[in-house]
Amino acid sequence: MPPLKGDLFATSSFGEYRDGRFHMGVDYRAGIGTPVYAVDDGYVTRMRCAPWGYGRGLYIQFRSGIIGIYAHLHSFAEPYQSYLRRIQHQKQSFSVDLTIKENELPVKKGDLIAYAGQSGTNAPHLHFELRTKDGITCLNPWELGFRWIDRNKPQVSSILVIPGNTNTTINGCCLPLEIPVNEKTTYPILIHAQGALGFGISTIDPESGSCKLGPYRISLKTAEATLTTIQQDRIDYNTYRDAVVAFYPYISNPIYWTLWQWQGNQSPNYKQARKGCLPIDSEEHIQIEVEDFNKNKIQVPIYITDRVKNIPSKKTEKSEVFVHYLPDFIVIEIILSSTASKELPIINITSEQGTSSLNPIQRATNVYELPWEPPSSGKYTFHVLHPTLPNWEKTIYALKANDKLNPIALDGFYINIPSNAPYGILWLSISPLSHQKIPKELTLASKIWKIEPYNMPMAEPVPIKLQILDNIQPKERIHLYRKTGSSWSRMDSSQNGNFVTGSISDWGIFALIRDDAPPQITNITINKDTKQPTKRPSLSASISDIGSGIAKAEIFCNQKWLLAEYDGPRGILRWEQDEDLPSGNQTITFVVTDYAGLTKKECRTLSVP
């Protein structure tokens with residue numbers, strides 16, 4: 001029995017990429033209000049309502065031992081809807097997370113249990129997820145008979161090749177190589193390489209219009225053996241974070257699956273995986289095969305030769321230095337301008353052990369590289385010596401897995417990285433920023449700090465502490481914020497005197513900001529049908545907050561609490577219309593509070609028949 005009736009189309013498949021994590025279920029295409037059914041006998045174990053995440057979610061323990069999760073629902077069917085609303089009224093809260101006693105809410109196979117929607121997300125669909133009884137492991141719905149229409153072969157858009165050590169060259173450089181793949185690609189793809197190589201692939205399974213699903217299986221093979229197989233059968237919440245190294249982190253567009261098992265990656269969908277990179281002696285024929293859930297396949301053959309390939313000069317009006325981060329080392333690339341002197345660049349590296357000078361390798365007339373692996377965890381300052389680069393200097397910290405790095409204390413910035421945070425090597429470079437736009441309604445309360453490289457994979461969150469500037473008064477409503485695109489987002493943090501502490505899961509731009517702006521309530525709508533007077537008119541408003549974000553949103557009739565949904569993705573507060581309002585003139589009050597404790601109220605008068 002499928003969860004929906006009719007032809008099933010998937011908009012997202014099991015195990016596909018989701019912003020540094022795996023998708024733990026399948027998303028079925030479903031419009032708002034589409035009936036949703038129980039796939040087996042069982043009982044409800046949990047009901048959730050929230051503005052974000054899974055929105056309205058229903059958890060059912062099936063007799064098979066599997067737990068089914070139905071998420072982003074528009075509403076629940078009876079008796080579940082009445083059960084939920086009774087407790088919401090008792091708690092006077094729309095957001096609830098309820099644990100249900102065994103057999104208190106029994107379910108029969110084929111029962112109507114809910115209606116699909118878009119709660120907690122941007123577009124209507126049904127998220128359907130299957131877990132083992134302990135709730136830890138998510139199972140591939142396709143293998144359990146919950147399938148979708150899958151007619152097309154997977155598509156490969158790009159191949160990634162990365163150097164596995166500092167002695168490797170790929171097409172003449174010790175840098176990652178991206179190879180576009182399209183209908184004009186000549187096979188086998190030719191790569192000139194020496195040393196050890198790691199491979200990645202950017203692939204989708206195009207289905208049902210514009211939907212781009214993920215693969216079921218990816219295999220990396222030589223003529224003699226299969227080196228790596230990634231297969232979407234099981235994904236564990238215990239190894240949930242390991243998705244950050246299942247996808248190559250240092251390139252964000254396109255998304256590449258890593259076809260080797262990165263150090264620390266314990267995700268069970270890596271069925272058979274090479275621990276390190278593939279050594280190349282003289283030549284090698286390899287093949288990457290991608291298979292979708294319906295066993296449609298595509299192969300990409302690659303031929304690797306150790307013949308040297310010269311690279312051309314790079315045109316630039318001024319000399320530049322680039323730092324390229326890789327799993328186990330970095331590459332400092334120097335590109336000199338066409339008018340630069342013929343003097344060779346030198347790189348000085350300063351650490352606790354002293355200063356050493358290294359000569360980068362010349363790759364082309366004006367291109368130089370220094371592949372460098374840290375001998376130990378610590379602080380390293382690089383200074384490029386060349387007349388056209390008089391002031392180039394950069395400090396980079398390196399922490400190897402299960403090693404220790406002394407706490408870092410700068411001017412009002414403190415970070416202490418736990419030894420279990422790295423996957424392999426954790427890199428960071430910290431610098432203050434002077435010019436970053438802050439909304440005028442907010443107050444910058446610290447220096448702004450940039451930590452790079454962005455998308456740095458971390459096995460554990462890292463605590464940071466920022467100091468509030470002395471001239472900030474009052475020192476209230478101050479939180480840690482992260483810059484996301486052109487806006488700033490509050491992070492969970494705590495203030496202790498002049499310091500604010502929080503934990504971060506990847507690098508970026510951070511600052512302390514004081515929220516001086518209360519939430520906004522606009523577009524208040526009270527719809528009364530004059531032809532058919534009702535005691536349950538629709539009540540809604542648009543709500544927003546430019547600073548710390550909305551913590552609580554409520555509607556009252558006079559002083560009586562009304563059950564109202566806060567629809568986070570659309571910024572709407574809407575009454576559920578689940579009871580009659582008293583007759584006569586009533587005062588309807590919309591109340592919204594943000595995480596800084598600032599509150600906004602708007603009142604309207606309503607005549608109820």
Side-chain angles (χ1 to χ4, degrees), residues 3 8-29 53-54 66-72 121 125-132 135-150 152-157 160 199-208 211-220 226 228-249 252 254-262 264-273 288-298 423 457:
L8 297 183
F9 295 90
T11 58
S12 293
S13 56
F14 180 70
E16 70 177 53
Y17 175 81
R18 284 292 183 86
D19 192 21
R21 60 182 175 86
F22 298 116
H23 186 225
M24 308 300 266
V26 58
D27 289 349
Y28 288 116
R29 180 181 293 170
Y54 279 0
I66 292 174
I67 298 172
I69 295 98
Y70 303 77
H72 306 308
T121 190
H125 66 272
L126 173 66
H127 175 86
F128 183 62
E129 185 175 324
L130 298 172
R131 299 181 188 172
T132 52
I136 293 174
T137 302
C138 292
L139 306 173
N140 173 14
W142 185 284
E143 291 299 310
L144 295 172
F146 302 102
R147 302 187 174 185
W148 53 90
I149 294 174
D150 188 349
N152 301 325
K153 288 184 178 181
Q155 292 179 357
V156 174
S157 60
L160 173 68
F199 293 89
I201 187 168
S202 180
T203 181
I204 61 167
D205 183 24
E207 294 295 338
S208 57
C211 293
K212 300 175 182 179
L213 309 183
Y216 168 63
R217 182 187 292 119
I218 306 174
S219 300
L220 174 65
T226 298
T228 297
T229 298
I230 304 169
Q231 186 167 307
Q232 311 294 15
D233 290 328
R234 302 164 68 90
I235 303 171
D236 282 357
Y237 276 102
N238 283 345
T239 56
Y240 186 66
R241 296 185 63 87
D242 294 348
V244 296
V245 289
F247 306 99
Y248 192 71
S252 58
I255 301 301
Y256 289 101
W257 285 88
T258 56
L259 303 184
W260 73 95
Q261 195 155 13
W262 199 301
N265 180 7
Q266 302 298 319
S267 184
N269 54 356
Y270 277 72
K271 294 288 184 181
Q272 174 186 354
I288 301 176
E289 181 178 270
V290 183
E291 180 180 334
D292 68 17
F293 287 84
N294 203 27
K295 302 188 183 304
N296 302 307
K297 298 179 183 180
I298 186 173
Y423 287 100

Do side-chain atoms of H23 reach the backbone of S13 as a donor and acceptor pair under 3.5 angstrom?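 Side chain of H23 to backbone of S13, a donor-acceptor pair under 3.5 Å: yes, one is there.
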Kindly say whether S219 contributes a backbone atom to a donor-acceptor pair with the side chain of T228 at under 3.5 angstrom?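 Not confirmed, T228 side chain does not pair with S219 backbone.
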For [X], give me all partners under ring pair (Phe, Tyr, Trp, His ring centres under 6.0 Å), at least two apart in sequence or on another chain.
| X | answer |
| --- | --- |
| Y423 | none |
| Y216 | F293 |
| W260 | W262 |

Is any side-chain heavy atom of [X] closer than 4.5 Å to a side-chain heavy atom of [Y]?
| X | Y | answer |
| --- | --- | --- |
| P3 | L126 | yes |
| P206 | K212 | no |
| I218 | L259 | yes |
| W257 | S202 | no |

How far does [atom1] of [X] sit from [atom2] of [Y], to the nearest 0.5 angstrom?
| X | Y | atom1 | atom2 | answer |
| --- | --- | --- | --- | --- |
| N238 | Q266 | CG | CD | 11.5 Å |
| Q261 | I230 | CD | CD1 | 9.0 Å |
| K297 | K153 | NZ | NZ | 11.0 Å |
| L8 | F146 | CG | CZ | 10.5 Å |
| N294 | N152 | CG | CG | 10.5 Å |
| R217 | Q231 | CZ | CD | 4.0 Å |

Verdict with supporting geometry, I298 and V156, side chain to side chain contact (heavy atoms under 4.5 Å, CB included): CA-CA 8 Å; I298 186 173; V156 174; 4.2 Å; yes
Test ring pair (Phe, Tyr, Trp, His ring centres under 6.0 Å) on H127 and Y54; report intermediate values, then the result. CA-CA 8 Å; H127 175 86; Y54 279 0; 5.0 Å; yes
Test side chain to side chain donor-acceptor pair (under 3.5 Å) applied to [X] - qualifying residues, sequence neighbours left out:
| X | answer |
| --- | --- |
| D205 | none |
| T239 | none |
| N269 | Q232, S267 |
| Y270 | T258 |

Just to verify, what does [X] make a side chain to side chain contact (heavy atoms under 4.5 Å, CB included) with, not counting sequence neighbours?
| X | answer |
| --- | --- |
| Y240 | R21, M24, Y237 |
| Y17 | D19, F247, I255 |
| T11 | D27, R29, H125, C211 |
| I66 | S64, L130, L139, L144 |

Contact list for residues 136-150, test side-chain hydrogen bond (donor to acceptor under 3.5 Å, both in side chains), sequence neighbours left out: T137-D236
Mind running side chain to side chain contact (heavy atoms under 4.5 Å, CB included) on I201 and V290 for me, showing each step along the way? CA-CA 9 Å; I201 187 168; V290 183; 3.6 Å; yes
Plane angle bin for Y28 and F128 - parallel if under 30°, tilted between 30 and 60°, otherwise perpendicular: tilted
Which heavy atom in [X] sits nearest to a heavy atom in [Y], and how many Å separate them?
| X | Y | answer |
| --- | --- | --- |
| F14 | C138 | CZ-O, 3.6 Å |
| G15 | I235 | CA-CD1, 3.5 Å |
| Y256 | G200 | CD2-C, 4.0 Å |
| I136 | T132 | N-OG1, 4.0 Å |
| V244 | G20 | CG1-O, 3.4 Å |

Take S12 and R18 through the test side chain to side chain donor-acceptor pair (under 3.5 Å) and record every step on the way to the result. CA-CA 10 Å; S12 293; R18 284 292 183 86; 2.8 Å; yes
